[in-house]
Amino acid sequence: MARFPRRRIGRTGVGPVSSVTATKRPDGTRAPRTTSAKRPRGPDFGAWFLVLPALLPILVLSVGPLLYGIALAFTDAQSGRTGATRWVGTLNFQDLLHDTLFWDSFRIGAVWAVGVTVPQFLLALGLALLLDQPLRLRWLARALAIVPWAMPEVVVGIMWRLVYNPDAGILNETIRTLGLGEGRDWLSGLATALPAVVVVGIWAGMPQTTVALLAGLQNTPRELHEAAALDGAGAWRRFRAVTWPALRPVALAITALNLIWNFNSFALVYVLTSGGPGGRTRLPMLFAYEEAFRYGQFGYAAAMGCVMIAAVSVLIALSLVRRLKGDQDR
């Protein structure tokens with residue numbers, strides 16, 4: 001009698017033994033395991049074609065000007081000159097090392113970034129925890145909380161200039177009404193200008209931090225809070241054991257972004273004080289703007305921009321390292 005080749009039945013149907021790999025079960029029997037064909041690798045031009053419409057504006061409007069600005073930092077480019085722009089190498093950076101005004105602005109920028117970011121995060125965390133509770137008219141409170149975020153920075157600056165107005169501003173009027181004094185010129189005082197601007201920065205940037213933290217809170221499983229409450233954990237212990245571990249990745253990401261955004265601030269401070277009085281609120285971006293468009297030193301201003309890019313790159317690298325380290329620990 002003729003013999004036919006043996007065939008096994010696998011998960012994908014009936015096939016010859018050569019296309020099936022048998023695995024051994026704990027009881028000694030063998031179970032079939034199908035083999036999957038490897039997908040040939042090669043350039044996926046279709047994916048690049050789909051990404052190109054989004055990638056092209058980034059290359060033209062972001063990467064191109066960035067590379068041009070870096071190249072400009074090694075030249076003596078100035079406004080109004082008739083001669084050709086010359087390549088000066090690292091001369092602009094050497095001059096920058098001895099420019100005490102720039103390093104003072106760099107220090108003010110660091111104080112501004114930290115002074116805005118830290119209170120901004122703490123206040124936003126409290127507001128996000130409050131808006132996460134089942135309150136009445138919670139939808140209205142959430143809508144009002146993002147109003148400052150929807151306002152342009154120029155409008156915010158003009159509004160707060162009216163608040164800080166020394167003669168008819170609401171702040172000084174409140175101080176006079178309460179009998180606390182005659183008020184003062186908050187934006188022109190050497191001791192009060194930077195704190196006054198920091199308050200505006202906190203108010204203007206808190207909504208975006210609140211939205212990010214609120215999204216992280218809503219992704220925390222409610223079952224964990226209920227289980228912790230059944231175990232007798234109080235509100236503070238539930239926050240430490242349940243809420244904060246789930247919220248930490250979002251908190252680290254939004255804090256790093258806020259540091260970068262605040263360090264690169266321009267419009268808000270420019271409208272409020274234009275860097276005064278006496279340079280007390282002159283952030284690095286304001287200093288570079290004045291060098292380029294007030295004094296016409298484009299090459300020198302581009303060198304300042306390169307230094308700021310390096311500082312921001314260090315912040316991004318530290319944030320990524322910390323994020324990767326946190327992912328590995330988990």
* Asked: Between Phe239 and Leu125, is a side chain to side chain contact (heavy atoms under 4.5 Å, CB included) present by the stated rule, with each step listed?
  -> CA-CA 12 Å; Phe239 175 79; Leu125 178 60; 4.0 Å; yes

* **Criterion side chain to side chain contact (heavy atoms under 4.5 Å, CB included) on Gln218 and Asp132, from CA distance to verdict** => CA-CA 7 Å; Gln218 291 180 339; Asp132 192 46; 3.7 Å; yes

* How far apart are the C-alpha atoms of Thr220 and Val242, what are their side-chain angles, what is the distance that settles it, and do they pass the side chain to side chain contact (heavy atoms under 4.5 Å, CB included) test? -> CA-CA 8 Å; Thr220 305; Val242 178; 4.1 Å; yes

* To do: Give the C-alpha distance, both sets of side-chain angles, the deciding distance and a yes or no for side chain to side chain contact (heavy atoms under 4.5 Å, CB included) between Asp99 and Phe287.
  => CA-CA 11 Å; Asp99 192 341; Phe287 196 92; 4.1 Å; yes

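Using a 4.5 Å cut-off on side-chain heavy atoms (C-beta onward), Trp160 and Leu268 make no contact. Phe102 is listed as a side-chain neighbour of Ser105, based on a closest heavy-atom distance under 4.5 Å. For the pair Asn165/Asn172, no side-chain contact is recorded, criterion being any heavy-atom separation below 4.5 Å from C-beta on. Within the 4.5 Å cutoff, the side chain of Thr85 has no heavy atoms near those of the Leu72 side chain. You'll find the side chain of Val197 reaches within 4.5 Å of the side chain of Leu187, heavy atoms only. Between Trp186 and Val199, every side-chain heavy-atom pair lies at or beyond the 4.5 Å cut-off. Val60 has its side chain within reach of Leu56: a pair of non-hydrogen atoms, C-beta onward, lies under 4.5 Å apart. By the 4.5 Å heavy-atom criterion applied to side chains, Ser79 and Phe293 are not counted as neighbours.
Ala141 approaches Leu131 most closely through the heavy-atom pair CB-CD2, 3.7 Å. Scanning all heavy atoms of the two residues, the minimum distance from Met308 to Pro284 falls at SD-CB, 3.3 Å. Shown here for Phe93 and Ala303, the closest heavy-atom pair between the two residues is CE2-O, 3.8 Å. Contact detail for Trp112 and Gly201: the closest heavy-atom pair is CH2-CA, 4.0 Å. Nearest approach of Ser265 to Leu283, heavy atoms of both residues: O-CD1, 3.8 Å. Residues Ile260 and Ile316 approach most closely at CD1-CG1, 3.4 Å, considering heavy atoms.
The aromatic rings of Trp87 and Phe74 sit parallel to each other, their planes meeting at less than 30°, with 60° as the upper class boundary.
In this structure, Tyr270 has its ring center under 6.0 Å from that of Tyr289.
Rounded to the nearest 0.5 Å, atoms CZ (Arg142) and OG1 (Thr210) are 11.5 Å apart. For the atom pair CG of Leu130 and CG of Leu217, the computed distance is 11.5 Å after rounding to the nearest 0.5 Å. A distance of 12.0 Å separates CD in Gln208 from CD1 in Ile146, rounded to the nearest 0.5 Å. Rounded to the nearest 0.5 Å, atoms OG1 (Thr209) and CG (Leu122) are 10.5 Å apart. Atoms CG and CG, on Leu55 and Leu50 in that order, are 12.5 Å from each other to the nearest 0.5 Å. Gln120 contributes atom CD, which lies 9.5 Å from atom CH2 of Trp261 (distance to the nearest 0.5 angstrom).
Of the possible donor and acceptor atoms, one in the side chain of Tyr164 sits under 3.5 Å from a partner among the backbone N and O of Ala196. Between the Asn92 side chain and the Ala73 main chain, a donor and an acceptor come within less than 3.5 Å of each other.
Under a hydrophobic clustering in which Ile, Leu, Val, Met, Phe, Trp and Tyr are joined whenever their side-chain heavy atoms come within less than 4.5 Å, directly or via other members, Val111 and Met285 fall into the same cluster. Cluster membership for Val154 and Phe266, using ILVMFWY side-chain heavy atoms within less than 4.5 angstrom, is not shared. In the hydrophobic clustering of ILVMFWY residues, with side-chain heavy atoms under 4.5 Å counting as a link, Leu259 and Leu318 come out apart. Under the 4.5 Å side-chain contact rule for hydrophobic residues, Val198 and Leu190 do not share a cluster. Linking ILVMFWY side-chain heavy atoms closer than 4.5 Å, directly or via other members, places Val314 and Val307 in two distinct hydrophobic clusters.
At a cut-off of 3.5 Å, with distance as the only test, a side-chain donor of Thr273 or Thr281 sits close to an acceptor on the other residue.
By the 6.0 Å contact criterion, CZ on Arg161 is open, its count of non-hydrogen atoms from other residues, nucleotides or ligands being 12 or less. More than 12 heavy atoms of other residues, nucleotides or ligands sit less than 6.0 Å from atom CZ of Arg176. The number of heavy-atom neighbours closer than 6.0 Å to CZ of Arg138, taken from other residues, nucleotides and ligands shown, is above 12. Atom CG of Leu162 is surrounded by more than 12 heavy atoms from other residues, nucleotides or ligands within 6.0 Å. Within a 6.0 Å radius of CZ in Arg184, no more than 12 heavy atoms belonging to other residues, nucleotides or ligands are found.
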